[in-house]
Amino acid sequence: MILVFGSLNIDLVAQVPVIPGPGRTVLAPSYQTHFGGKGANQAVAAARIAGPGHVRMAGRVGRDGFGDSAIENLRENGIDTALVIRADEPTGCAFITVDQAGENAITVASGANLAASAGDLPAELFRSDTVLMLQMEVPFAQALEVARRTNSASGTVIWNLAPVPEKMTRETVTELLAETDYLLVNEHEAIDAAAAIGLALSDFESAAADLAKAGDLTCIVTAGAQGALAVAADGSRLRAPAPRITPMDTTGAGDSFAGAFATVIHEKVPLQIALQVGCDAAAQKCLKPGAQAGMPLRAAISSLA
Ligand code: RIB
């Protein structure tokens, strides 16, 4: 089973000519409403590859219409939502601007996501075949507890260190590394995490190697058009190229990678293929607007043919 403990958001997305800097206002002709949240995005990405009945989502939404539709959308994607629980706070909402090159800027109003609780998860979820996916949009202490319970049952923990917290302490990164089997980061997140635990700063590849060694784990770096890199604790490396595409919306590309990667790790495919599947899924997502709406189905992933 693939278990996601994380955020559910509604994304309000405006296409803008240029993403505004501080003190600036830009006009967009309209906006679109999409299903988002890194946790829910990764759950949908996994379910589109794994098929119905393999993914369970745990998290919190508000007692509002956004919460109703976020849950309904996960169900339509074949995801078990019994552990998506209502909170008193409003459903999380992300305000996203996307520019003409498909790049984005995101502000998340966390709302109900901050009420996500490890206590919501029953013991039977934690088994040796559980692949747990975590991100950084619900309280860290709760995510850490879920990771510890997964490890106690000899399950597999995939932790996407995104978004990097404003204040990421040495303690946070050390605790996270200790509970993680596969650390998923982009180039900037790799360098930020390495800096937080006092490692010498250089390029993202060295940072990934240092993180892998420090945590005795495999560090996967997603590097956009440069593809993905996996570095094991012993320093050995694998690479996968990114398909050449012209992106229209990169929102959720990292989540698409993460969900597809988790699914094939659950299926025990070799790491080299899992890396390529992740790159293919991320590229496919970038061809469509919206986070979850753009997640590819298994048939669209050429490395799984
Ligand atoms: O990774 C993309 C996601 O980040 C968006 O869907 C938004 O909700 C934020 O959580």
Side-chain angles (χ1 to χ4, degrees), residues 4-16 19 31-48 57-62 64 66-67 69-71 73-74 77 79 84 89-99 102-116 133-140 143 158-166 184-189 192 220-224 228 247-262 278-279 281-296:
V4 183
F5 178 70
S7 58
L8 302 95
N9 294 333
I10 295 297
D11 293 350
L12 303 180
V13 184
Q15 256 81 31
V16 294
I19 293 171
Y31 70 96
Q32 296 84 44
T33 306
H34 291 289
F35 297 106
K38 291 187 190 301
N41 293 349
Q42 294 182 14
V44 169
R48 295 255 171 109
M57 175 85 210
R60 298 280 185 120
V61 294
D64 48 24
F66 278 176
S69 51
I71 290 175
N73 177 61
L74 292 185
N77 277 283
I79 296 166
V84 179
E89 300 78 3
T91 299
C93 191
F95 306 92
I96 304 180
T97 43
V98 180
D99 71 13
E103 289 298 336
N104 62 54
I106 305 178
T107 301
V108 177
S110 296
N113 293 309
L114 295 182
M133 302 177 74
L134 298 169
Q135 316 77 31
M136 299 296 280
E137 289 189 333
V138 296
F140 177 72
I158 300 175
W159 206 322
N160 178 209
L161 209 176
V164 168
E166 234 1 82
L184 261 52
V185 283
N186 66 24
E187 306 104 299
H188 310 293
E189 291 154 0
D192 288 351
I220 315 280
V221 187
T222 54
M248 76 163 295
D249 180 2
T250 58
T251 310
D255 300 328
S256 188
F257 184 106
F261 179 82
C279 287
Q284 290 286 328
K285 154 64 214 76
C286 293
L287 300 175
K288 294 187 180 158
Q292 291 172 33
M295 299 300 180

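Both counts, for ligands and for their atoms, begin at 1 and track the order of listing. Only this structure's heavy atoms are used, side chains among them; waters, hydrogens and symmetry mates stay out.
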Note the single closest protein heavy atom to [atom], along with its residue, its atom name and the distance in Å.
atom: atom 4 (O) of ligand 1; result: K38 NZ, 3.4 Å
atom: atom 2 (C) of ligand 1; result: D255 OD2, 3.4 Å
atom: atom 3 (C) of ligand 1; result: N41 ND2, 3.6 Å

In ligand 1, which numbered atoms sit nearer than 4.0 Å to a non-hydrogen atom of [X]?
X: E137; answer: 4 (O), 9 (C), 10 (O)
X: A291; answer: 6 (O)
X: A94; answer: 7 (C), 8 (O)

Exercise for the section: Can you figure out which of I10, D11, N9 has its heavy atom closest to atom 6 (O) of ligand 1? Expected result: D11
Between [Y] and [X], is there a side-chain heavy-atom distance shorter than 4.5 Å?
X: K288; Y: D249; value: no
X: K285; Y: F257; value: no
X: Q135; Y: V4; value: yes

Practice task
Could you tell me whether ligand 1 has any atom less than 4.0 Å away from a heavy atom of G254?
Solution key: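 It does not, in that no heavy atom of G254 comes within the 4.0 Å cut-off of ligand 1.
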Exercise for the section: Compute the shortest N/O to N/O distance between G37 and ligand 1 and return yes if it is under 3.5 Å, no if not. Expected result: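 Yes, G37 has an N/O under 3.5 Å of an N/O on ligand 1.
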Completion exercise
Value for CZ (F35) from CD1 (I10), rounded to nearest 0.5 Å, stands at 5.0 Å
Problem - Pairwise distance CG(L8) to CD(E137) - rounded to 0.5 angstrom - result: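 Spacing of CG (L8) from CD (E137) equals 10.0 Å.
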Handout entry: Contact summary for A162 and E189, nearest pair of heavy atoms
Key =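 What the structure gives for the nearest pair is CB-OE2, 3.3 Å.
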Practice task
Would you kindly say whether N9 and S7 are connected by a side-chain donor-acceptor distance under 3.5 Å?
Solution key: no
